Amino acid sequence: MSARCLDGRTLAKQLQAELATHIAGVDSQPVLATLQLGDHPATTLFTRAQGTLATRLGLGYTSTQLPSDVTQAVVEAQLKAWNDDPGIHGIFVQNPMPPQIDPQCISAVINPLKDVEGITPHHTARRFFARARIGSCTALAVMALIESTGESLRGREAVVVGNSEIVGRPVGMLLLDQLATTTVCHIATNERGHLQEHIERAEILVAAVGKPSMIPGAWIREGAIVIDVGINVIDGHTVGDVEYDTAAARAAYITPVPGGVGPVTVTMVMKNVLEAYRAQHV
Ligand code: NDP
């Protein structure tokens, strides 16, 4: 079998065309504000990409960069100022954050109505009850790519590798919402040597670890849907967590890295800005 490539750039363009139409139809311009802490080059690139896309879709956009030695109090003050500003509809804090910053406290400060990353305790709790209005951008992107295959998830074996709060866990919840039989693997699964057996039975595999090609293609089940979230830069080249060529020979569908989950994730940020705007104008 040779896998069909799940081209995130193509899906993102389709979603963006629909989104631009919806944005053009609202009464005033929704505005996204992003906060970068430090000067991590990948974050700077991602921030620029967000700004370019926001502007292209008709959203307003502003970004603030604070130095890497910024204090928690200064970050929280910036977020509270945006919470109180009626001209800002969506707030996004870039990762990674410097070690002195507590991401959980940060997520608790953002007004849930303006949280376009779906990270506040409010949205996390609603996700538990399958009632999140704003979802985690990356998890929404993963689900959109799976949906684009037209395959039903009901009763299928889904395996997520990685259990972070912003990717692995929300993806696990959304797969459960679709009644996939869902296993979330993590560092301890690997320590016990059980990763291979879980991956080998996955009809849907989502890899979200951040270790280059750590999942051998030979472990992929024939006919699986493989969604590779990982972004790893090796000698100037970006690769995912799954060994692509050998996995593509076994899977039915596979996302490339780059050009898979990434473009859809940034589009989901913009979709969430529109959702946040609408929630503030009911
Ligand atoms: P984190 O580092 O926060 O989480 C990684 C997860 O993988 C943790 O749960 C970790 O467990 C687990 N893990 C680490 N090593 C192993 C192993 N050997 N076997 C199984 N599990 C393991 O990363 P993120 O979730 O934020 O991101 C994951 C990847 O996805 C990164 O490459 C990131 O760059 C990328 N990413 C891509 C996006 C996109 O749009 N394409 C968006 C967001 C992220 P533990 O915590 O116990 O160590």
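Indexing begins at 1, ligand by ligand and atom by atom, following the structure's order. Hydrogens, waters and symmetry mates are skipped; everything else that's a heavy atom, side chains included, is used. Bear in mind that the values here come from a model prediction, so they are computed numbers and not experimental data.
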TODO: Measure up the His281 and Tyr277 rings against each other and bin them: parallel (under 30°), tilted (30 to 60°), perpendicular (over 60°).
DONE: parallel
Open item on the list: Under 4.0 Å from a heavy atom of Leu195: which atoms of ligand 1 are those, numbered in the order shown and with their elements?
Closed with: 19 (N)
- [ ] Determine the minimum heavy-atom distance between Cys105 and Glu76, stating which atoms define it.
- [x] CB-OE2, 4.0 Å
Open item on the list: Set out, in order, the CA-CA distance, both residues' side-chain angles and the distance that settles side chain to side chain contact (heavy atoms under 4.5 Å, CB included) for Tyr244 and Ile254, then state yes or no.
Closed with: CA-CA 8 Å; Tyr244 186 84; Ile254 188 166; 3.7 Å; yes
Task: Any donor-acceptor N or O pair under 3.5 Å, side chains Thr34, Tyr61 - done: yes
TODO: Report the part of Glu165 (side chain from C-beta onward, or backbone N, CA, C, O) that has a heavy atom under 4.0 Å from ligand 1; answer both or neither where that applies.
DONE: neither
TODO: Report the nearest protein non-hydrogen atom to atom 21 (N) of ligand 1: residue, atom name, distance rounded to 0.1 Å.
DONE: His186 C, 3.3 Å
TODO: Compare Val142, Val167, Asp241 and give the one whose heavy atom is closest to atom 27 (O) of ligand 1.
DONE: Val167
Task: Protein contact to atom 13 (N) of ligand 1 [nearest heavy atom, distance to 0.1 Å] - done: Val209 CG1, 3.7 Å
Task: Residues His22, Lys271; criterion side chain to side chain contact (heavy atoms under 4.5 Å, CB included); working and verdict - done: CA-CA 10 Å; His22 290 300; Lys271 185 168 182 281; over 6 Å; no
Task: Residue Val161 vicinity, atoms of ligand 1 by number, heavy atom under 4.0 Å - done: 20 (C)
TODO: Establish, from distance only, whether the side-chain atoms of Ser136 and Arg127 form a donor-acceptor pair under 3.5 Å.
DONE: no
Open item on the list: Quick test: of every protein heavy atom, which one is nearest to atom 1 (P) of ligand 1, and how far off is it to 0.1 Å?
Closed with: Ser164 CB, 4.0 Å
Task: Under 3.5 Å side-chain donor-acceptor pair for Ser63 and Gln36 - done: no
Open item on the list: Could you tell me, atom by atom, which parts of ligand 1 come under 4.0 Å of a heavy atom of Gly262?
Closed with: 40 (O), 41 (N)
TODO: Considering only non-hydrogen protein atoms, determine which one is nearest to atom 33 (C) of ligand 1 and report residue, atom name and distance to 0.1 Å.
DONE: Ile231 N, 4.3 Å
Open item on the list: Out of all atoms in ligand 1, which are within 4.0 Å of some heavy atom of Ala208? Include the element for each.
Closed with: 5 (C), 6 (C), 7 (O), 28 (C)
- [ ] Go through ligand 1 atom by atom and flag the ones less than 4.0 Å from a non-hydrogen atom of Met214.
- [x] 17 (C), 18 (N), 19 (N)
- [ ] May I have the step-by-step check of side chain to side chain contact (heavy atoms under 4.5 Å, CB included) for Phe46 and Val266, ending in yes or no?
- [x] CA-CA 9 Å; Phe46 187 66; Val266 68; 4.2 Å; yes
TODO: Return the residue, atom name and 0.1 Å-rounded distance of the protein heavy atom closest to atom 31 (C) of ligand 1.
DONE: Gly210 CA, 3.7 Å
Open item on the list: Against ligand 1, does Gly168 come closer than 4.0 Å with any heavy atom?
Closed with: no
Open item on the list: Is the contact between Asn190 and ligand 1 made by the side chain, the backbone, both, or neither, using heavy atoms and a 4.0 Å cut-off?
Closed with: side chain
- [ ] Quick one: look up the protein heavy atom nearest atom 15 (N) of ligand 1 and list residue, atom name and how far away it is.
- [x] Lys211 NZ, 3.0 Å
Task: Shortest protein contact, atom 8 (C) of ligand 1 (heavy atom only) - done: Asn163 OD1, 3.8 Å
Open item on the list: Please check if the number of heavy atoms outside Glu147 that lie under 6.0 Å from its CD is greater than 12.
Closed with: no
Task: Distance from atom 12 (C) of ligand 1 to nearest protein heavy atom, with residue and atom - done: Gly162 CA, 4.0 Å
TODO: Report the member of Val171, Ile187, Val229 with the shortest heavy-atom distance to atom 37 (C) of ligand 1.
DONE: Val229
- [ ] Can you sort out which atoms of ligand 1 are near Thr265, meaning under 4.0 Å from one of its heavy atoms?
- [x] 39 (C), 40 (O)
TODO: Answer with side chain, backbone, both or neither: which part of Thr138 has a heavy atom less than 4.0 angstrom from an atom of ligand 1?
DONE: side chain
Task: Any Thr189 heavy atom less than 4.0 Å from ligand 1 - done: no
Open item on the list: Quick check: closest heavy atoms across Val159 and Cys185, and the distance to 0.1 Å?
Closed with: CG1-SG, 3.8 Å
TODO: Over all heavy atoms of both residues, which pair between Gly58 and Ile23 is shortest? Give the atoms and the distance, please.
DONE: O-CG2, 3.8 Å
- [ ] Identify which one of Leu174, Ile227, Leu205, Leu175 satisfies the side chain to side chain contact (heavy atoms under 4.5 Å, CB included) criterion when paired with Val160.
- [x] Leu175
Task: Numbering as shown, the atoms of ligand 1 that approach Ile166 to under 4.0 Å (heavy-atom distance) - done: 26 (O)
Task: Single-linkage hydrophobic cluster Leu195~Ile220, side-chain heavy atoms < 4.5 angstrom - done: yes
